[in-house]
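These numbers come from the heavy atoms of this one structure, side chains and all, not from hydrogens, waters or symmetry mates. Quick caveat, the model's predicted, so the values are computed rather than measured.
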Amino acid sequence: MARIPYVLVDAFAPTPGAGNRVAIVLDARGMSGEEMRQVAKRLSEPETAFVTERQGNVFAVRFFTPGGEVEFSGHAAVALGLALVRLGLAPEGTERLILHTPAEALPVEIAYEAGEPRKAWVRGPTPRFRDLPPFQALKEVLEALGSDERYLHRGLPYGVAYTGLWSLFVPLVAPGVVDALEPDMALLAEISRKLEVATVHAYAPMGPRSFYARDFAPLLGIPEDPVTGSANAALGALLARAGVVPKREGRVHLSIYQGHRLGNPGMVEVEVEYSPTGVPLAVRLGGEAAIVATGEL
């Protein structure tokens with residue numbers, strides 16, 4: 001295999017050393033899926049994005065974790081959008097990119113500040129929901145997380161939702177309870193497999209429109225993901241569907257903080273748009289990103 005240049009980007013943080021690190025292979029033309037999987041494994045970051053084609057402001061992209069390919073990665077999409085503009089691979093002044101994933105085409109909006117690309121907004125896959133798992137399954141998840149039902153927040157929704165990955169959402173009473181979790185990863189992987197979810201997302205309220213979260217994905221080869229785009233987008237959709245945030249405005253903006261327990265603090269902005277009937281119609285996630293380094297394999 002020829003030398004493979006890549007760039008490392010920290011997503012959902014304004015400066016290097018925080019947020020969630022993404023490896024981006026900017027020219028993956030001609031690479032097979034197996035070659036991409038091997039490269040992602042060698043880079044060993046939580047996510048690697050591969051640009052397989054590009055034309056103007058349209059880019060074909062595939063996302064891999066160390067465990068294999070995933071349909072969508074929110075933090076990788078945010079990092080990729082900003083990196084493409086900052087590295088001059090998209091036309092100068094580009095405000096809108098299209099990322100063609102194997103599943104669908106996703107628009108990325110670039111927000112500028114003082115003429116510099118500051119933030120990327122990505123429309124995630126259409127929200128989907130499953131029936132609630134039985135309460136006994138939730139008790140098993142709480143046990144695997146190192147907690148119990150005393151710390152369950154009864155006013156917030158638990159359930160399974162999707163905006164690129166299926167995640168199980170577990171509401172807890174306070175951020176301190178979320179930080180105190182010490183999961184049994186083997187048990188959590190077993191339960192995740194049984195419930196057919198990619199991640200378990202524990203969260204707690206910080207304010208009316210702000211939340212704190214941790215995300216565990218042992219099935220993807222990621223014991224704990226520092227700051228998660230797709231799961232937090234799905235959390236926004238779940239909260240909107242449950243009526244926790246107001247529907248009267250037609251759309252709602254949420255801030256979700258994550259990564260502090262790992263020393264990689266970051267913040268994901270989530271915007272949920274409602275249909276005229278009050279159903280969550282679309283979700284956008286946004287954030288900053290910082291280029292950390294370049295290298296080659």
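One N or O on the side chain of Arg261 and one on the backbone of Asp179 form a donor-acceptor pair closer than 3.5 Å. Between the side chain of Thr94 and the backbone N or O of Ala90, no donor-acceptor pair lies under 3.5 Å. Using a distance-only test at 3.5 Å, with no hydrogens or angles considered, no donor-acceptor pair links the side chain of Asn264 to the main chain of Ala18. Panel note: side chain Arg241, backbone Gly236; no donor-acceptor pair is recorded below 3.5 Å. At least one donor-acceptor pair under 3.5 Å links the side chain of Ser32 to the backbone N or O of Glu35. Using a distance-only test at 3.5 Å, with no hydrogens or angles considered, a donor-acceptor pair links the side chain of Asn57 to the main chain of Arg96. Looking at Glu116, its side chain never comes within 3.5 Å of a backbone N or O of Glu113 through a donor-acceptor pair.
The pair Arg193-Glu190 does not count as a salt bridge, with every side-chain nitrogen at least 4.0 angstrom from each carboxylate oxygen. Between Glu53 and Arg62 no salt bridge is recorded (no basic side-chain N to carboxylate O distance below 4.0 Å). For Glu296 and Arg3, the salt-bridge test passes: some basic side-chain N is under 4.0 Å from an acidic carboxylate O. Glu273 has no carboxylate O lying under 4.0 Å from a charged side-chain N of Arg123, or vice versa, which leaves the two without a salt bridge.
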_Step-by-step side-chain contact (heavy atoms from CB on, under 4.5 Å) determination, Glu196 to Trp166_ = CA-CA 8 Å; Glu196 297 182 335; Trp166 285 105; over 6 Å; no
*Before giving the answer on side-chain contact (heavy atoms from CB on, under 4.5 Å), spell out for Val160 and Ser167 the whole-Å C-alpha distance, their side-chain angles and the decisive distance to 0.1 Å.*
CA-CA 6 Å; Val160 179; Ser167 296; over 6 Å; no
_Could you walk me through whether Leu132 and Tyr158 satisfy the side-chain contact (heavy atoms from CB on, under 4.5 Å) test, starting with their C-alpha distance in whole Å, then the side-chain angles of each, then the deciding distance to 0.1 Å, before giving a yes or no?_
CA-CA 8 Å; Leu132 284 178; Tyr158 91 93; 4.2 Å; yes
*Output, in order, the C-alpha distance, side-chain angles, deciding distance and verdict of ring pair (Phe, Tyr, Trp, His ring centres under 6.0 Å) for Phe64 and Phe50.*
CA-CA 8 Å; Phe64 283 76; Phe50 294 84; 5.6 Å; yes
*With side-chain contact (heavy atoms from CB on, under 4.5 Å) as the test, would you mind laying out the steps for Leu281 and Val279 before giving the verdict?*
CA-CA 6 Å; Leu281 181 65; Val279 175; over 6 Å; no
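Other residues, nucleotides and ligands place no more than 12 heavy atoms under 6.0 Å from the CZ atom of Arg29. Remark: Asp131 CG is loosely packed, at most 12 non-hydrogen atoms of other residues, nucleotides or ligands lying under 6.0 Å away. Summarising the local packing, CD of Glu143 is surrounded by 12 or fewer heavy atoms from other residues, nucleotides or ligands at distances under 6.0 Å.
Residues Leu165 and Phe72 have side chains not in contact (no heavy-atom distance under 4.5 Å, counting atoms from C-beta outward). In this structure the side chain of His260 never reaches within 4.5 angstrom of the side chain of Arg214, judged on heavy atoms. Counting heavy atoms from C-beta on, the side chains of Val122 and Arg284 never come closer than 4.5 Å. At least one side-chain heavy atom of Val170 sits under 4.5 Å from a side-chain heavy atom of Val200. For the pair Thr48 and Phe63, the minimum side-chain heavy-atom distance is 4.5 Å or more. At least one side-chain heavy atom of Phe135 sits under 4.5 Å from a side-chain heavy atom of Leu152. With contacts defined as side-chain heavy-atom distances shorter than 4.5 Å, the pair Glu69/Pro102 qualifies. Contact annotation: the side chain of Ser255 never approaches that of Arg209 to less than 4.5 Å [non-hydrogen atoms, C-beta and beyond].
Within the structure, the side chain to side chain donor-acceptor pair (under 3.5 Å) test picks out the following pairs touching residues 229-238 (sequence neighbours left out): His201-Asn232, Asn232-Gln258.
Rounded to the nearest 0.5 angstrom, Tyr212 OH and Ile256 CD1 are separated by 13.0 Å. For the atom pair CD (Glu45) and OH (Tyr6), the distance works out to 8.5 Å, reported to the nearest 0.5 Å. The distance from atom CZ of Phe12 to atom CG of Leu285, rounded to the nearest 0.5 Å, is 5.0 Å. Here the straight-line distance linking atom CG of Leu145 with atom CG of Leu188 works out to 5.5 Å at 0.5 Å rounding. Rounding to the nearest 0.5 angstrom, the gap separating the CG atom in Leu168 from the CZ atom in Arg130 is 10.0 Å. Expressed to the nearest 0.5 Å, how far OG1 of Thr65 lies from CZ of Arg37 amounts to 10.0 Å.
The side chain to side chain contact (heavy atoms under 4.5 Å, CB included) with Phe216 is formed by just one residue from the set Val141, Thr199, Leu181; it is Leu181. Between Glu288 and the choices Lys119, Arg118, Arg86, the salt bridge (Lys or Arg N to Asp or Glu O under 4.0 Å) rule is met once, by Arg118.
Pairing each heavy atom of Ile222 with each of Pro46, the nearest pair is CD1-O, 3.4 Å. When all heavy atoms of Ala49 and Val61 are compared, the closest pair comes out as CB-CG2, 4.2 Å. Here the closest non-hydrogen pair linking Val283 and Pro127 is CG2-CG, 3.5 Å. The minimum heavy-atom distance between Ala204 and Leu172, with the atom names listed, is CB-O, 3.3 Å. Smallest separation of non-hydrogen atoms from Phe169 and Tyr203: CB-CE2, 4.1 Å. For the residue pair Val272 and Ala237, the shortest heavy atom distance occurs at CG2-N, 4.0 Å.
Glu269 and His253 are linked by a side-chain donor-acceptor pair at a separation below 3.5 angstrom, with hydrogens and angles left out of the test. With 3.5 Å as the limit, one finds a donor-acceptor pair spanning the side chains of Glu71 and Tyr162. Counting only N and O atoms by type, the side chains of Asn20 and Asp10 include no donor and acceptor under 3.5 Å apart.
One hydrophobic cluster, built from ILVMFWY side chains closer than 4.5 Å, cannot hold both Val244 and Tyr257; they sit in different ones. Note on Leu187: it does not cluster hydrophobically with Leu219, by side-chain heavy-atom contacts below 4.5 Å among ILVMFWY residues. With hydrophobic clusters built from ILVMFWY side chains whose heavy atoms lie under 4.5 angstrom apart, Val268 does not share a cluster with Val178. Hydrophobic clustering (ILVMFWY, side-chain heavy atoms < 4.5 Å, transitive): Val252 and Leu235 are in one cluster. Note on Ile291: it clusters hydrophobically with Ile110, by side-chain heavy-atom contacts below 4.5 Å among ILVMFWY residues.
Counting Ile, Leu, Val, Met, Phe, Trp and Tyr side chains that sit under 4.5 Å apart, directly or through other members, Ile98 shares a hydrophobic cluster with Val58.
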